[in-house]
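So that the names make sense, note that chain A is the first sequence line, chain B the second, and so on, each numbered from 1. Fair warning: this is a prediction, and the values are worked out from it, not measured in the lab.
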Amino acid sequence: MNGEAFMNAQTLIEALVSLLLLAGSLFALLGAIGLYRFPDFYTRLHAPTKASTLGVGGVILASMLYFSTRGDGVSLHELLITVFLFITAPISAHLLAKAAMQQRTPVERVTKGKPWE
Amino acid sequence: MLGYVIPLCLAILGLALLLTVARLIRGPGSVDRILALDTLSVEAIALIVLFGIWTGSGLYFEAALLIAVMGFVSTVALCKFLLRGDIIE
């Protein structure tokens, strides 16, 4: 038998943390790409509010996992940031849409779901 | 393994920040810029938490929490100013 196993618990935790970190950063990058490329403000509102919140949630989940396995007990207080972001991201998106409708931000012809006519 | 993944994630998040700053400069109108600033604060939270994992210190999450609260409050204040012209009536 080998002297040391190929995959022990430490490597498994590191692999899981790396996977979560990569997934979270890729989601944040997708949100920023959508913010850069969508043609209309009302379409641009969707990308960062959903994708970036998910991306930051993934990074914080990785951080919780990493600090829980380093001793000093389970660290659940980092979940607070995710809960706060999940609660406040819809509120800021709603207020931004309201302000844009009042400023009469121009809307493209192909954007669906116009609430005013 | 984390010694390779964390700089890669920092580079990916840096690219996302650059794209958001491009929208901040380009956005025709003020609502686009307010949205870009809000997105910048959310991505800054991810950067700070990632840096906390890298240095192994658990103190950086408090700075991330502060930036989350301040980013949300500033977005609400800017939108209220655009809507009403006055923040606290």
Side-chain angles (χ1 to χ4, degrees), chain A residues 11 14-15 17-19 21-22 24-38 41 44-45 47-49 52-53 55-60 62-64 66-67 70 72 75 77-78 80-82 84-85 87-89 91-103 105-106, chain B residues 1-2 4-6 8-24 26-32 34-36 38-40 42-50 52-53 56-58 60-62 64-65 67-69 71-76 78-84:
Chain A
T11 321
E14 264 195 27
V17 167
S18 311
L19 194 66
L21 280 179
L22 272 175
S25 336
L26 280 174
F27 267 108
L29 180 65
L30 277 176
I33 290 178
L35 178 60
Y36 181 68
R37 277 184 58 96
F38 277 152
F41 171 73
R44 259 178 244 145
L45 197 51
T49 49
S52 294
T53 311
V56 173
V59 167
I60 289 177
S63 164
M64 271 174 54
Y66 182 73
F67 281 116
R70 271 174 29 122
D72 298 341
S75 70
H77 51 270
E78 287 152 5
L80 209 58
I81 306 180
T82 314
F84 183 78
L85 276 177
I87 290 181
T88 62
I91 299 179
S92 36
H94 167 76
L95 273 175
L96 274 167
K98 209 164 147 183
M101 277 170 63
Q102 199 207 35
Q103 304 274 69
T105 317
Chain B
M1 187 192 320
L2 275 181
Y4 299 114
V5 167
I6 292 187
L8 179 66
C9 287
L10 280 172
I12 293 177
L13 273 172
L15 187 59
L17 271 170
L18 277 178
L19 285 171
T20 314
V21 167
R23 173 54 66 192
L24 178 67
R26 203 172 96 177
S30 26
V31 248
D32 285 289
I34 300 176
L35 178 62
D38 190 43
T39 311
L40 275 177
V42 168
E43 283 164 3
I45 297 173
L47 273 179
I48 291 178
V49 171
L50 207 52
I53 297 181
S57 157
Y60 286 95
F61 118 90
E62 324 239 343
L65 191 59
I67 290 193
V69 174
F72 167 65
V73 166
S74 62
T75 305
V76 167
L78 279 169
C79 285
K80 192 133 192 276
F81 178 71
L82 276 186
L83 280 171
R84 290 252 190 195

Option in Ile33(A), Ile81(A), Leu80(A), Val59(A) with maximal non-hydrogen atom pairs under 4.5 Å from chain B: Ile81(A)
Chain B contact via Leu30(A) - side chain, backbone, both or neither, heavy atoms under 4.5 Å: neither
Phe27(A) CZ: over 12 foreign heavy atoms closer than 6.0 Å: no
Side-chain (Arg23(B)) to main-chain (Arg44(A)) donor-acceptor, under 3.5 angstrom: no
Nearest heavy-atom neighbours spanning Met1(B) and Ala15(A): SD-CA, 4.0 Å
Approximate separation, where rounding is to 0.5 Å, of Lys98(A) NZ and Leu82(B) CG: 12.5 Å
From Gln103(A), Met101(A), Gln102(A), residue fulfilling side-chain contact (heavy atoms from CB on, under 4.5 Å) relative to Leu83(B): Gln102(A)
Side chain, backbone, both or neither of Tyr66(A) within contact of chain B (heavy atoms, under 4.5 Å): side chain
Least distance between heavy atoms, Ala62(A) atom then Ile53(B) atom: C-CD1, 4.3 Å
Proximity breakdown for Arg84(B) and chain A, heavy-atom pairs closer than 4.5 Å: neither
Pairwise distance CG(Leu95(A)) to CZ(Phe72(B)) - rounded to 0.5 angstrom: 7.5 Å
Segment of Asp32(B) engaging chain A (4.5 angstrom heavy-atom cut-off): both
Phe38(A): ring pair (Phe, Tyr, Trp, His ring centres under 6.0 Å) partners, not counting sequence neighbours: none
Inter-residue atom distance Thr39(B).OG1 - Tyr36(A).OH, 0.5 Å rounding: 15.0 Å
Non-neighbouring partners of Phe61(B) that pass ring pair (Phe, Tyr, Trp, His ring centres under 6.0 Å), sequence neighbours left out: His77(A)
Contact class of Leu18(B) relative to chain A, heavy atoms under 4.5 angstrom: neither
Min side-chain heavy-atom separation Leu22(A)-Leu8(B) under 4.5 Å: yes
Which portion of Ser74(B) sits near chain A, non-hydrogen atoms under 4.5 angstrom: neither
Side chain / backbone / both / neither for Phe67(A) at chain B, heavy atoms under 4.5 Å: side chain
Heavy-atom side-chain contact between Leu2(B) and Leu21(A) under 4.5 Å: yes
CG on Leu85(A) to CD1 on Ile45(B), rounded to 0.5 Å: 4.5 Å
Heavy-atom pair with the smallest gap, counting every atom of Glu43(B) and Ala28(A): OE2-O, 4.1 Å
Candidates Leu47(B), Leu10(B), Val5(B), Ile12(B) - the one meeting side-chain contact (heavy atoms from CB on, under 4.5 Å) with Ser25(A): Ile12(B)
For the student: nearest non-hydrogen atoms of Thr105(A) and Val31(B), plus distance: OG1-CG2, 3.8 Å
Pick from Asp38(B), Thr75(B), Val42(B), Leu78(B) with the largest number of heavy-atom pairs that fall under 4.5 Å of chain A: Val42(B)
Check against side-chain contact (heavy atoms from CB on, under 4.5 Å), Leu35(B) and Leu35(A): CA-CA 9 Å; Leu35(B) 178 62; Leu35(A) 178 60; 3.8 Å; yes
Approximate separation, where rounding is to 0.5 Å, of Leu40(B) CG and Ser52(A) OG: 10.0 Å
